[in-house]
Undergrad: 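Let me give you the structure first, and then I'll get to my questions.
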Amino acid sequence: TEVALQAEFDARIDADGRIEPRDWMPEAYRKTLVRQISQHAHSEIVGMLPEGNWISRAPTLKRKAILIAKVQDEAGHGLYLYSAAETLGTSRDQMLDALHSGKAKYSSIFNYPTLNWADVGVIGWLVDGAAIMNQVPLCRCSYGPYARAMVRVCKEESFHQRQGYEALLVMMKGSQAQRDMVQDAVNRTWWKCLAMFGPPDADSPNSVQGMRWGIKRISNDDLRQKFVDATVPQAKVLGVTLPDPDLKWNEARGHYDYGEIDWAEFWQTVNGHGPMNRERLGARVKAHEQGAWVRDAAVAHANKQQQRARK
Ligand code: FAQ
């Protein structure tokens with residue numbers, strides 16, 4: 001009965017076990033996972049656009065090859081995340097429709113422009129840095145396919161983070177104009193990265209249940225704090241200033257204190273009114289429409305193969 005199944009599910013969660021696609025699960029658990037995993041997939045796919053903007057203008061062949069590889073990794077992450085979400089019974093078409101119609105969310109960070117080459121390095125250092133902080137605990141998520149996908153995603157994100165930091169180190173050893181470019185990119189991106197972790201715990205409607213189900217292991221605010229603490233020393237080595245006058249070590253807490261995030265601006269962006277929302281979504285819809293012939297051809301080919309096999 002439903003009650004027995006629920007009890008079995010709860011016991012598995014309490015014992016820190018994994019839930020697999022064919023196992024019984026409460027509908028709300030399924031729905032939450034589809035929401036989070038599909039949003040994560042959309043973020044990877046839309047996340048290709050800000051950096052993709054710089055592939056044709058990378059300063060050297062080496063930087064271009066690295067950037068192409070990174071953007072391809074993001075496409076791969078999107079694809080395995082869509083596959084993980086499909087195991088919960090939602091089709092890829094449904095998820096893509098939700099993205100293209102503006103119903104689904106994706107990470108707020110990708111709705112800001114990449115204005116100079118240093119933005120590419122800063123995305124690697126800070127955006128991938130924040131993504132790793134959030135995703136390492138997801139390797140222990142209670143839903144098996146999501147947890148397993150995260151293992152590989154995190155390994156690749158870790159390369160992404162290093163390549164960004166290294167690119168910035170090189171620029172910081174260059175001319176004053178290059179150093180200014182890095183500082184400008186850091187100034188524009190720092191606060192947006194802090195917001196990537198989601199609203200404060202007290203204003204996070206999905207957190208309590210997400211933690212109870214073992215989907216989220218560390219809260220939005222705790223991850224944000226871990227990110228700040230890890231990043232401050234890296235900024236020092238790099239020689240950039242993080243644009244927060246309230247950022248300072250708090251001996252009693254054993255953490256860095258930081259200033260107030262502009263949550264009104266965050267929600268504006270999440271709700272579709274950030275500087276690049278319209279352009280990002282427009283680019284995705286156009287790519288999907290222009291790729292229709294490839295999907296049609298693949299289906300026609302598969303049908304023909306099947307007909308041949310039947311003869
Ligand atoms: N942007 O109750 P909570 C990457 C929404 S990394 C937009 O706290 P939850 C790699 C949230 O969905 C980026 N919306 O929600 C890369 C919810 O709305 P809903 C992607 C946000 O789920 C790097 C509402 O606010 N990573 O792509 C954001 O418990 C470089 C209330 O929030 C992931 O998706 C936001 N920043 O916690 C690619 C990781 N924050 O759905 C290219 C997996 C919150 O109820 C280049 N996801 N919202 O309508 C998660 O860990 C969680 O979903 C959180 C949000 C932590 C994002």
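First listed ligand is number 1; within each ligand, the first listed atom is number 1.
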Undergrad: Closer than 4.0 Å to some heavy atom of Q39 - which atoms of ligand 1 meet that?
TA: 12 (O), 41 (O)
Undergrad: Which atom names give the shortest non-hydrogen contact between R92 and S83, and what distance separates them?
TA: NH2-OG, 3.2 Å
Undergrad: What's the shortest distance from atom 13 (C) of ligand 1 to any protein heavy atom, and which residue and atom give it?
TA: S107 CB, 3.7 Å
Undergrad: Considering only non-hydrogen protein atoms, determine which one is nearest to atom 15 (O) of ligand 1 and report residue, atom name and distance to 0.1 Å.
TA: N206 ND2, 3.2 Å
Undergrad: If I compare all heavy atoms of R224 with all of I261, which pair ends up nearest, and what's the gap?
TA: CD-CD1, 3.5 Å
Undergrad: What is the closest protein heavy atom to atom 5 (C) of ligand 1, and at what distance does it sit?
TA: K105 CD, 3.9 Å
Undergrad: Which protein non-hydrogen atom lies closest to atom 29 (O) of ligand 1, naming both residue and atom, and how far is it?
TA: K216 NZ, 2.7 Å
Undergrad: Run E27 and K31 through salt bridge (charged side-chain N to carboxylate O under 4.0 Å, His left out) and show every step you take.
TA: CA-CA 6 Å; E27 270 318 298; K31 222 175 127 199; over 6 Å; no
Undergrad: Distance to 0.1 Å, residue and atom name: give those for the protein heavy atom nearest to atom 7 (C) of ligand 1.
TA: Y106 O, 3.3 Å
Undergrad: Is it true that a side-chain atom of N250 and a backbone atom of Y256 form a donor plus acceptor pair closer than 3.5 Å?
TA: no
Undergrad: Can you classify the ring geometry of F227 versus F197 as parallel (below 30°), tilted (30 to 60°) or perpendicular (above 60°)?
TA: tilted
Undergrad: Regarding atom 23 (C) of ligand 1: of the candidates N220, D128, L194, which has the closest heavy atom?
TA: D128
Undergrad: Is it true that the side chains of T269 and Y112 contain a donor and an acceptor less than 3.5 Å apart?
TA: yes
Undergrad: In ligand 1, which numbered atoms sit nearer than 4.0 Å to a non-hydrogen atom of E157?
TA: 10 (C)
Undergrad: Evaluate V270 for polar contact with ligand 1, using N/O atom pairs at a separation under 3.5 Å.
TA: no
Undergrad: Among residues two or more places apart or on two chains, list those pairs meeting salt bridge (charged side-chain N to carboxylate O under 4.0 Å, His left out) that have a residue in residues 184-211.
TA: D119-R188, D184-R188, K192-E265
Undergrad: Which of the atoms in ligand 1, numbered in the order shown and given with their element, are less than 4.0 Å from a heavy-atom of M196?
TA: 36 (N)
Undergrad: Near V127, which atoms of ligand 1 are under 4.0 Å from a heavy atom of that residue?
TA: 23 (C), 30 (C)
Undergrad: Have a look at ligand 1 and work out which part of L223, if any, has a heavy atom under 4.0 Å from it: side chain, backbone, both or neither.
TA: neither
Undergrad: List ligand 1 atoms under 4.0 Å from G198, heavy atoms only on the residue side.
TA: 40 (N), 44 (C)
Undergrad: Return the orientation label for the W125 and Y165 ring planes: parallel under 30°, perpendicular over 60°, tilted otherwise.
TA: tilted
Undergrad: Look at atom 4 (C) of ligand 1 and say which protein heavy atom is nearest, naming residue and atom and giving the distance to 0.1 Å.
TA: E44 OE2, 3.9 Å
Undergrad: For ligand 1, is there an N or O atom under 3.5 Å from any N or O atom of R35?
TA: yes
Undergrad: For residues 99-109, which residue pairs qualify under side-chain hydrogen bond (donor to acceptor under 3.5 Å, both in side chains), counting only residues two or more places apart or in two chains?
TA: Y106-N111
Undergrad: Minimum heavy-atom separation for E74 and E44, please, with both atom names.
TA: O-CB, 3.6 Å
Undergrad: Looking just at side-chain N and O atoms, do Q176 and D180 make a donor-acceptor pair shorter than 3.5 Å?
TA: yes
Undergrad: How far is atom 50 (C) of ligand 1 from its nearest protein heavy atom, and which residue and atom is that?
TA: Q36 NE2, 3.4 Å
Undergrad: Which ligand 1 atoms, with their elements, are less than 4.0 angstrom from a heavy-atom of F197?
TA: 56 (C)
Undergrad: Looking only at side-chain N and O atoms, does Y29 offer a donor or acceptor that is under 3.5 Å from a partner on S142?
TA: yes
Undergrad: Of all heavy-atom pairs between M25 and I19, which one has the smallest distance, and what is that distance?
TA: CE-CG2, 4.2 Å
Undergrad: Select one of side chain, backbone, both or neither to describe which atoms of I109 lie under 4.0 Å from any atom of ligand 1, heavy atoms only.
TA: neither
Undergrad: What atoms of ligand 1 come within less than 4.0 Å of a heavy atom belonging to Y146?
TA: 43 (C)
Undergrad: Could you check whether Q307 and N303, counting side-chain N and O atoms only, form a donor-acceptor pair closer than 3.5 Å?
TA: no
Undergrad: Check each atom of ligand 1 against the heavy atoms of Q135 and keep those under 4.0 Å away; list them by number with element.
TA: 6 (S), 26 (N)
Undergrad: Below 3.5 angstrom, do we get any N/O pair linking S204 and ligand 1?
TA: yes
Undergrad: Considering heavy atoms of the protein only, find what lies nearest to atom 16 (C) of ligand 1 and give residue, atom and distance to 0.1 Å.
TA: F110 CZ, 3.8 Å
Undergrad: Are any of the protein's heavy atoms under 4.0 angstrom from atom 54 (C) of ligand 1, yes or no?
TA: no
Undergrad: Using a distance-only test with no angle check, is there a side-chain donor-acceptor pair under 3.5 angstrom linking R152 and Y80?
TA: yes
Undergrad: Is there a nitrogen or oxygen of E51 sitting under 3.5 Å from a nitrogen or oxygen of ligand 1?
TA: no
Undergrad: Just let me know how A195 lines up against ligand 1, side chain, backbone, both or neither, with a heavy-atom cut-off below 4.0 Å.
TA: backbone
